[in-house]
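Let me begin by presenting the structure, written as structure tokens, before commenting on it.
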There are 2 protein chains.
Amino acid sequence: MDNREISQAVIGRLPRYFRYLGELKDEGIERISSQELSDIMKVTASQIRQDFNNFGGFGQQGYGYKVEYLYEEIGKILGLNRSHNLIIIGAGNLGQALANYMNFERRGFLFKGIFDKNPALYGRKIRSMEIRPMEEMEDFVRKNGIDIAVLTIPKTEAVAVAERLVEAGIRGIWNFAHVDLNVPRDVQVENVHLSDSLMKLTYNISSFENGI
Amino acid sequence: MDNREISQAVIGRLPRYFRYLGELKDEGIERISSQELSDIMKVTASQIRQDFNNFGGFGQQGYGYKVEYLYEEIGKILGLNRSHNLIIIGAGNLGQALANYMNFERRGFLFKGIFDKNPALYGRKIRSMEIRPMEEMEDFVRKNGIDIAVLTIPKTEAVAVAERLVEAGIRGIWNFAHVDLNVPRDVQVENVHLSDSLMKLTYNISSFENGI
DNA sequence: AAAATAATGTCAATTCATTGACATTCCCTT
DNA sequence: AAGGGAATGTCAATGAATTGACATTATTTT
């Protein structure tokens, strides 16, 4: 594998390739050309080939790509070939929804615990997992090899909690709090700022109505 | 206001500006230069000025930007100066969490109804709003001037439901279903693909560990 | 009131991302 | 086994986004 850095623009497209390839695989389709994939996904065939080539290229000239192989390889690139232990910080509406959702388990994301600062919730169970006090968080991360913390707490608390998680050796933070976290370079943060997303939507609605 | 199209790269940054300016405003700060904002937000001052100038420029040379004014203007650009009526389709974990969350009300997003196809849920209340059957959806959209539909249903159903919403005259869809929707150009779609986001996180974790 | 200062708005330069073109390679058929 | 066809991998060209530089203009100070 190549060592030069891949642009986030490319990374951002990988999950979508992965999804379409998964669907093709499920449909029993064994091979596909960049042109066919281009038609389905509505991106240029050139971009598809360019993107895959960032990782060395997975195709065979004159033939195309083997769907299953390509699917597996992209999965590996995305780090889905191994499982990830995750905890959820904040047992509010969103935290509980994510805990209960967990279609993610299929992809190797193992829900290991959920924490909240509200004593009234301690011991209450979510998917046979009792809600734990925040004080136990660092210990839990260390003892259970937790990779990923999902932050579904108010922004006023998120920065401090993130610091504690970093201290405890977390590798990645999936941040739903509406604040930018400042972490060292060896900890990855992926933000899901729902209200930002909603604002983009209203911008596009307004902008369309005010005539383009 | 200018008529040429603004790039989505710029639009994507506006909510973040809006958030920081809101915080500055709450702190009672009245004016700020692009350089100061640059230090806080960790983007180049040049980009800040360039971004604002897409909309004509809101500053005063030699002085900087008036925080409150800039905040208001960006709010307008984002379409937050008027309210939006929204409904949630799918009363599962995520749908209910979003209905209950609704910090969004502060920004003028008015939660008007929630729908589900499961009869067992009909009449059950979420924030004093009873869950309605899917059959009533189109009528409800038309009669209540609904702008935005939030899709929190399985991907297998999302495409068909989106078509029905379009038919009923929806303006925007906030899509949490893990599928790409195909809608006419006068309907805006904003996707929130949570699993894609999580995969980006694991990519970055793996990629860091495999050494850059 | 005039000069000095400060910071915008804007243009040009650079960097990054996407698209297009095609030579190369591999598969498949005869 | 050899040749034709098909589609990749890759290079070059284009286009978009970001950064840098500075002239201009407003504010502030003397």
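Nearest to the side chain of A:Q50, among D:dA17, C:dG9, D:dA12, sits D:dA12. Which of C:dC26, C:dT19, D:dT18 sits closest to the side chain of A:Q61 comes down to C:dC26. Looking at the side chain of A:R49, the nearest of the listed nucleotides C:dA12, C:dA21, D:dT28 is C:dA21. Residue B:R13 places its side chain closer to D:dT18 than to any other of D:dT19, D:dT18, D:dA7. Comparing atom distances between the A:S46 side chain and each of D:dT8, D:dA17, C:dA21 picks out C:dA21 as nearest. Of the candidate nucleotides D:dA26, C:dC28, C:dT18, C:dC28 has the atom nearest to the side chain of A:Y63. Considering only side-chain atoms of A:Q47, the nucleotide from D:dT18, C:dT8, C:dT18 that sits closest is C:dT18.
For D:dT19, one of the phosphate oxygens OP1 or OP2 lies less than 4.0 angstrom from a side-chain nitrogen or oxygen of B:T44. OP1 or OP2 of D:dT28 has at least one side-chain nitrogen or oxygen of B:R31 nearer than 4.0 Å. In terms of phosphate contacts, A:S7 brings a side-chain nitrogen or oxygen within less than 4.0 Å of OP1 or OP2 of C:dA17. Checking the phosphate oxygens (OP1, OP2) of D:dA7, no side-chain nitrogen or oxygen of A:S34 falls inside 4.0 Å.
Taking atom CG of B:N54 as the reference point, atom P of D:dT18 lies 10 Å away to the nearest angstrom. Between the CG atom of A:D39 and the P atom of D:dA7 there is a distance of 12 Å, given to the nearest Å. Protein atom CZ of A:F52 is 13 Å distant from nucleotide atom C1' of D:dG9, rounded to whole Å. Here the C1' atom of nucleotide D:dT19 and the CG atom of B:N53 are 15 Å apart, to the nearest Å. Atoms CD (B:Q60) and P (C:dG9) sit 9 Å apart, rounded to a whole Å. Between the CD1 atom of B:I11 and the P atom of D:dA17 there is a distance of 11 Å, given to the nearest Å. Rounded to whole angstrom, the span from the CD atom of B:Q35 across to the C1' atom of D:dC22 amounts to 15 Å. In this structure, A:I6 places its CD1 atom 14 Å from C1' of C:dA17, rounding to the nearest Å.
Aromatic rings of A:F104 and A:F111 (six-membered ring for Trp) have centroids beyond the 6.0 Å cut-off, not under it. Aromatic pair B:F52/B:Y17: ring centres closer than 6.0 Å.
Ranked by how close their nearest DNA chain C nucleotide is to the 5' end, B:S33 and A:A9 are led by B:S33.
Below 30°, between 30° and 60°, or above 60°: for B:H193 and B:H178 the angle between ring planes is above 60°, a perpendicular geometry. Between B:F58 and B:F55, the ring-plane angle classifies as parallel under the 30° and 60° cut-offs.
By the neighbour-count criterion of 12 heavy atoms within 6.0 Å, atom NZ of A:K25 is densely surrounded, having more than that number from other residues, nucleotides or ligands.
In this structure, A:Y65 reaches the sugar-phosphate backbone alone: every heavy-atom distance under 4.0 Å involves primed, P, OP1 or OP2 atoms, never a base.
Remark: A:K66 qualifies as a cation-pi partner of A:Y63 under the 6.0 Å distance and 45° angle criteria applied to the six-membered ring.
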